[in-house]
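Report on one structure; see the data block that follows.
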Protein chains: 2
Amino acid sequence: MTLGNGSPTAGNPPTCGACPAFQDNLCHIFTDATFADALVDTKIDDHFAPARRSLWRAGDPLERVPVICQGWAATSATLSDGRRQILSFLLPGDLVSAALIFDPVIHCSVDAVTDLRYRAFPRAELKQALARKPKLLAIVSRFSAKESARADRLAIDLGRRGAAARIASLILTLAERLRKRGMMPDKTMDFPLRQHHIADAVGLTVVHVGNIIAEFRRAGLLEINERSLTIADQPGLSRIADEL
Amino acid sequence: MTLGNGSPTAGNPPTCGACPAFQDNLCHIFTDATFADALVDTKIDDHFAPARRSLWRAGDPLERVPVICQGWAATSATLSDGRRQILSFLLPGDLVSAALIFDPVIHCSVDAVTDLRYRAFPRAELKQALARKPKLLAIVSRFSAKESARADRLAIDLGRRGAAARIASLILTLAERLRKRGMMPDKTMDFPLRQHHIADAVGLTVVHVGNIIAEFRRAGLLEINERSLTIADQPGLSRIADEL
DNA sequence: CGTGAGCTTGACTTGTTTCAACCAACGTGG
DNA sequence: CCACGTTGGTTGAAACAAGTCAAGCTCACG
């Protein structure tokens with residue numbers, strides 16, 4: 001099981017346990033010493049999954065709350081006829097879903113995009129710690145708010161923006177998230193997504209996505225090769241993302 | 001101040017101020033006598049707004065957490081070019097947004113659809129009560145989960161379903177929510193939405209929405225007159241909502 | 001060497017938007 | 001009481017965005 005593809009590359013990133021460091025998400029909470037004390041009885045088990053493996057399906061019961069440590073994953077819903085909508089991409093450090101802290105059944109499917117490492121935390125102790133530590137509660141609630149802000153943003157894109165804007169917006173958002181956790185020091189980022197991931201995320205066809213990305217490339221906005229994407233003209237992309 | 005007895009629901013029709021009873025949302029929490037004790041210092045002020053009035057814009061600071069008591073409202077985001085996406089409709093008993101309990105700034109705009117009555121609760125005391133009462137925390141978290149499930153559902157509809165399915169789905173969802181709070185005893189419901197509301201909610205044009213609703217009517221699926229909608233053929237509508 | 005997953009390209013079809021005109025209902029001020 | 005503007009709904013034709021179908025290509029992998 002090689003953990004090569006989506007793993008953090010650039011420089012030597014600060015660590016959070018075995019994870020890279022994140023300013024803006026939950027991961028550091030789980031390794032915070034004081035919080036760790038609260039979870040002293042806890043066995044925090046590591047798990048691995050290969051790229052393209054389905055981790056959980058909507059409705060599955062989860063006794064533990066998983067957090068992504070390495071690699072990318074996607075949460076999605078699939079319609080009866082096979083069409084799929086990706087609801088969010090999970091990056092290293094992301095809690096799979098804040099709702100899982102209270103609800104033991106997951107409400108959407110989760111698939112590994114790259115080879116993946118994640119950790120699962122026992123719900124009961126999370127809940128107890130949450131009740132004891134208002135600070136922790138605040139952090140979780142902030143995470144939850146961000147989660148729902150992303151969902152709203154997605155709805156706005158899908159409902160009211162054209163194909164080019166949606167794709168540009170997705171790429172910029174991912175870049176921003178990676179930048180925040182120190183995984184995109186320059187204009188280039190690890191980009192493990194296939195076109196069908198993008199298509200499912202922005203509600204378009206693979207063909208159409210391919211066409212538009214080709215346009216972006218011809219217009220000198222970005223370059224994609226191998227498993228990496230470099231943003232050549234950020235302001236240009238932003239302009240497209242904001243328009244129509 | 002013990003929140004212990006929890007919901008006042010069972011048996012006799014509980015009232016929420018002048019609101020009808022709700023099984024499935026927060027409103028009864030706020031009028032529960034025991035909870036009211038915890039908020040004894042609180043001035044719970046009533047507010048009114050006429051139809052079509054904008055209550056708050058994205059980014060506005062709210063010192064208090066509003067709950068809808070009477071009428072319908074909509075949360076929405078507006079793009080620079082004037083296009084608008086409605087993110088959710090707020091019905092009597094709905095907390096405007098669970099995030100507001102922790103975050104004093106609202107992340108999307110709220111407009112009154114009909115004449116509106118709402119109440120605003122002081123955040124600080126909500127937070128305190130939340131920390132003291134795990135049960136209350138569970139309720140809020142359940143509400144929050146439902147909120148985000150709705151957002152996900154919206155994204156799926158907008159990304160992967162056709163116009164007819166989106167509209168049918170919206171109508172059925174609203175009907176179901178009204179039914180749950182006893183506001184739709186039979187096949188007919190109060191329906192204050194204009195076609196432009198529907199269009200903004202499902203990400204389509206007003207004209208296209210008009211066309212499709214006309215089709216629905218011709219197919220004997222539903223009837224709309226005055227300010228009320230009756231679902232003539234629920235299974236038929238459901239079939240459309242699930243397809244494509 | 002063959003196979004399958006992923007990307008590219010082109011011709012054609014479908015769904016949705018845009019533009020425009022028209023109608024009915026309603027409230028307002030003269 | 002009527003003239004009038006506004007809001008909301010309906011209809012039709014033309015323009016456009018995105019989907020479908022199909023073929024051919026590369027590349028990694030067994």
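Residue numbers start from 1 in every chain, and the chains themselves are labelled A, B, ... in the order their sequence lines are given, proteins ahead of strands. Given the structure is predicted, the values throughout are model-derived calculations rather than measurements.
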Margin query: Any base atoms under 4.0 Å from A:R166, or only sugar-phosphate, or nothing? Heavy atoms, all strands.
Written below: nothing

Item checked: For atom CZ of B:F191 and atom P of D:dG8, their distance in whole Å -> 14 Å

Next item on the list: Please determine if a side-chain N or O atom of B:R217 lies less than 4.0 Å away from the OP1 or OP2 oxygen of D:dT10.
Entry: yes

Item checked: Distance, rounded to the nearest Å, where A:D81 contributes CG and D:dG19 contributes C1' -> 14 Å

Next item on the list: Taking all non-hydrogen atoms of both residues into account, name the closest pair between A:G203 and A:L158 and its distance.
Entry: N-CD2, 4.0 Å

Next item on the list: Write down the distance between CG (A:N225) and C1' (C:dT8), rounded to a whole number of angstrom.
Entry: 16 Å

Checklist line | Within the 6.0 Å centroid threshold, strictly below: B:W72 and B:Y118 | finding: no

Check: Which nucleotide sits closest to the side chain of A:A214: D:dG8, C:dT9, D:dT11?
Finding: C:dT9

Next item on the list: Using heavy atoms to find the nearest nucleotide of DNA chain D for A:V207 and B:I213 separately, return the residue whose nucleotide is more 5′.
Entry: B:I213

Check: Is it true that A:R52 and A:D111 make a salt bridge, defined as a side-chain N closer than 4.0 Å to a carboxylate O?
Finding: no

Note to self: Without decimals, in angstroms, what is the distance between A:N211 CG and D:dA17 P?
What the structure shows: 13 Å

Next item on the list: In whole angstrom, give the distance that lies between atom CZ of A:F216 and atom P of C:dT8.
Entry: 13 Å

Check: Between B:R194 and D:dT7, is there a side-chain N or O to OP1/OP2 distance below 4.0 Å?
Finding: no

Next item on the list: State whether A:E176 and A:R179 are salt-bridged, where the test is any N-O pair (Lys NZ or Arg NE/NH1/NH2 against Asp/Glu carboxylate O) under 4.0 Å.
Entry: yes

Item checked: Nucleotide C:dT9, atom P - distance to CD1 of A:I212 in whole Å -> 14 Å

Check: Are any of the side-chain heavy atoms of A:H107 and A:L100 separated by less than 4.5 Å?
Finding: no

Checklist line | Closest-nucleotide ordering on DNA chain C, the 5'-leading residue of B:E226 and A:H196 | finding: A:H196

Notebook entry, point to check: Looking at D:dT20, D:dG9, C:dT17, which one has an atom nearest to any side-chain atom of B:L204?
Noted result: C:dT17

Checklist line | Whole-Å gap separating P (D:dA18) and CZ (A:R161) | finding: 14 Å

Checklist line | Residue B:H208, side-chain heavy atoms: nucleotide from D:dT20, D:dT11, C:dT16 that is nearest | finding: C:dT16

Next item on the list: Tell me whether the OP1 or OP2 atom of C:dT18 has a side-chain N or O from B:R83 closer than 4.0 Å.
Entry: yes

Next item on the list: Could you check how far CD of B:Q195 sits from P of C:dA25, rounded to whole Å?
Entry: 16 Å

